[in-house]
Amino acid sequence: MLFDVADTIVAVASPPGPGRRGIVRLSGNDAWTIALAGFEAHTPQPLPVRAEMREGRLRVDGVRATLPALLALWPAPRTYTRQPLAEIHVPGAVPLVRQVLAHCLARGARHAEPGEFTLRAFLSGRLDLTRAEAVLGVIDAQSPAQLDAALRQLAGGIATPITALRDHLLDVLAHLEANLDFSEEPDVDLLGRSALADDLARSSRELAALAQRLRGRDRPSGDPKVVLVGPPNTGKSRLFNALVGDARAIVSPVAGTTRDYLSALADCAGLRVELIDTAGIETGDGDIEQQAQSHRSAQADSADLLLVCSSVDIDSPHAVFDRPVLRVWTKGDLAPAPPGYLATSAATGEGLDALRGAIAAMIRRQVAEDDLPSGTGPRCSASLTSASEALGSASQVLTLGGGDELVAIDLRQAIDELGKVVGATVTDDILDRIFRRFCIGK
Ligand SMILES: Nc1nc2c(ncn2[C@@H]2O[C@H](COP(=O)(O)OP(=O)(O)OP(=O)(O)O)[C@@H](O)[C@H]2O)c(=O)[nH]1
Ligand SMILES: [Mg+2]
């Protein structure tokens, strides 16, 4: 999907629908000429050398009166795309904005594809790939925590340490390759080799850990997933209804009421989460029970947080979870919570706010640790894993006294994979995956 960067592109940059102001954005060599066509400034001036906002009136094809308009002009190369950039601001009526867009198209601009402004920023070296994704994260952010992560990434995120590691590996490779040219005898620098082996093994472990953290963070909805599990009849469904604020799930004293899983969005102290109610944990072997259990396992396995519910003070025999867990005591109005449980009662509402706060705190902590908006994670984790494996292998070859040329092959692969993460090694496929998720005008 690579587009010609020589085209001047145009798109509506204000949010869709009526608003106070409609903004049409242009980037490319003809951006200014097109934006200035039909524009009469209140105080005519020569073309600016610095970013400038001008007031005036705009005559647009198909609109009889002239429109009050603001024109913003940014000279290259100090712009987002490093190309001449212009914005036309008019009153935010939908038909007017559409006319202004048509006006620009008629003068030779091409309609921008989704993310094409940011793609140009990336292609011109203005942003690395993880930062381009951060822009997407900022646009997509649906909760303060997601916005935080996206903004942090925009400020550097994982790109900085990975670029540093890649530079270091490039140095090591250059050193090895310099030796390769005239090494008749095996390298005698044994001490250097074992230090290098340790160094590469450590980097390999760090990359593996980072890849592990990033894996599985790309949920289609982008909302953290919080799953209710626990024995039958503990009050999971009633708690689910209380947190969602809607009587969606069937609640009854009959054990085994919930069979399918239910999903709804809930607000936890300002954080939007996807809450899932599941069938009680039991060991029935009928077909329906089996299906209910497999639904439950699938949901629990993909959870960002498990709410393990109990209303009787015994930990279920299935109490081993490899997801983050919050232990919730249900029916707190009937019996006091044992230590280690967060007491709640869906009947009286007791402890629900505390539970919402605890959910938000745990999810926020995870997001902060991962430091990345969703989308970056899955793309990068595959490359980080390959890089980690290649470095592990390089370290092993060194330890076993293998030839430098073998080490160099592994190093080159690791450098390539790290390059994909920060965009130093780019394939169309990567660009396509990232930029087609943008909205038009960004
Ligand atoms: N007193 C009291 N009763 C509750 C509370 N929460 C749930 N119950 C009752 O406990 C019974 C079971 O509640 P459910 O929410 O259906 O339990 P569940 O865990 O979803 O059960 P399954 O779907 O069968 O696994 C119902 O009769 C609820 O009214 C509570 O906080 N206090
Ligand atoms: Mg239920």
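Numbering of ligands and ligand atoms starts at 1, following listing order. Starting from 1, each residue takes its place in the sequence as its number.
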Query raised in the report: Hey, is Ser345 touching ligand 1 through its side chain, its backbone, both or neither, going by heavy atoms under 4.0 Å?
Result: both
Query raised in the report: What protein heavy atom sits nearest atom 10 (O) of ligand 1, and how far off is it?
Result: Lys331 NZ, 3.0 Å
Query raised in the report: If we only count N/O pairs under 3.5 Å, is Thr234 in contact with ligand 1?
Result: yes
Report summary line: atom 20 (O) of ligand 1: closest protein heavy atom, distance to 0.1 Å, is Ser237 OG, 2.8 Å
Query - Heteroatom N/O/S of Ser237 within less than 2.8 Å of the Mg ion (ligand 2) - result: yes
Query raised in the report: Can you tell me the protein heavy atom closest to atom 28 (C) of ligand 1 and the distance?
Result: Val251 CG1, 3.5 Å
Requested in this report: Please examine the side chains of His111 and Leu105, heavy atoms only from C-beta on, and report whether any two atoms are closer than 4.5 Å.
Outcome: yes
Query raised in the report: Tell me, which protein residue and heavy-atom name are nearest atom 16 (O) of ligand 1, and how many Å apart are they?
Result: Ser252 N, 3.2 Å
Requested in this report: Name the option, out of Asn241, Thr348, Thr258, Leu352, that contains the heavy atom nearest to atom 23 (O) of ligand 1.
Outcome: Thr258
Query raised in the report: Looking at ligand 1, does any of its N/O atoms fall within less than 3.5 Å of an N/O of Asp277?
Result: no
Query raised in the report: How does Ala249 reach ligand 1, if at all, at less than 4.0 Å between non-hydrogen atoms: by side chain, backbone, both, or neither?
Result: neither
Query - The single option from Asp167, Leu170, Leu207, Leu391 passing side-chain contact (heavy atoms from CB on, under 4.5 Å) against Leu418 - result: Leu207
Query raised in the report: Taking 2.8 Å as the cut-off, does an N/O/S atom of Thr258 lie below it from the Mg ion (ligand 2)?
Result: yes
Query - Distance from atom 13 (O) of ligand 1 to nearest protein heavy atom, with residue and atom - result: Gly235 CA, 3.5 Å
Requested in this report: Please determine, by modelled atom types, if Arg259 and Gln291 share a side-chain donor-acceptor pair under 3.5 angstrom.
Outcome: no
Query - Check ion pair Asp416-Arg166 (N to O, under 4.0 angstrom) - result: no
Query raised in the report: For Val24 and Cys104, which heavy atoms make the closest approach, and how far apart are they?
Result: CG1-SG, 4.2 Å
**Report entry** Taking atom 1 (N) of ligand 1 as the reference point, the nearest protein heavy atom with its distance
**Finding:** Asp333 OD2, 2.9 Å
Query raised in the report: Under 4.0 Å from any heavy atom of Gly280, which atoms of ligand 1 are there?
Result: 25 (O)
Query raised in the report: Does Ala346, backbone or side chain, put an N or O under 3.5 Å from an N or O of ligand 1?
Result: yes
Query raised in the report: Would you say Gly256 has any N or O atom under 3.5 Å from an N or O of ligand 1, going by distance alone?
Result: yes
Report task. Ignoring hydrogens and angles, state whether a donor on the side chain of Gln293 or His295 is under 3.5 Å from an acceptor on the partner side chain. Result -> no
Query - Check: Ile250 N/O within less than 3.5 Å of ligand 1 N/O - result: no
Query raised in the report: Looking only at heavy atoms of Val254, does any of them come nearer than 4.0 Å to an atom of ligand 1?
Result: yes
**Report entry** Contact check, Asn233 vs ligand 1, heavy-atom distance below 4.0 Å
**Finding:** yes
Query - CD (Glu55) with more than 12 external heavy atoms under 6.0 Å - result: no
Requested in this report: Taking the side chain as every heavy atom from C-beta outward, state whether Ile415 and Leu173 have any atom pair closer than 4.5 Å.
Outcome: yes
Query - Lys236-ligand 1 polar pair, N/O distance under 3.5 Å - result: yes
**Report entry** Asn241 side chain to Ala249 backbone, donor-acceptor under 3.5 Å
**Finding:** yes
Query raised in the report: Can you check whether Arg296's main-chain N or O pairs, donor with acceptor, with Thr278's side chain at less than 3.5 Å?
Result: no
Query raised in the report: What protein heavy atom sits nearest atom 27 (O) of ligand 1, and how far away is it?
Result: Pro253 N, 3.4 Å
Report task. Could you find the nearest protein heavy atom to atom 6 (N) of ligand 1 and give me its residue, atom name and distance? Result -> Arg238 CD, 3.6 Å
Query raised in the report: Taking only heavy atoms of Ala255, which atoms of ligand 1 are found under 4.0 Å from at least one of them?
Result: 24 (O)
Query raised in the report: Do side-chain atoms of Arg82 reach the backbone of Arg78 as a donor and acceptor pair under 3.5 angstrom?
Result: no
Query raised in the report: Is Arg272 salt-bridged to Asp223, going by a charged N under 4.0 Å from an acidic O?
Result: yes
Query raised in the report: Is a side-chain donor or acceptor of Thr234 paired with a backbone partner of Lys236 at a separation under 3.5 angstrom?
Result: no
Requested in this report: Quick one: pull up CD in Glu116 and CG in Leu119 and give me the separation to the nearest 0.5 Å.
Outcome: 6.5 Å
Report task. Could you tell me whether some N/O pair between Gly332 and ligand 1 is separated by less than 3.5 angstrom? Result -> no
Requested in this report: Please assess Ser27 against Tyr80 for the test side chain to side chain donor-acceptor pair (under 3.5 Å), listing each intermediate value before the final yes or no.
Outcome: CA-CA 9 Å; Ser27 172; Tyr80 185 56; over 6 Å; no
Query raised in the report: Should the proximity of Leu334 to ligand 1, defined as any heavy atom under 4.0 Å, be assigned to the side chain, the backbone, both, or neither?
Result: side chain
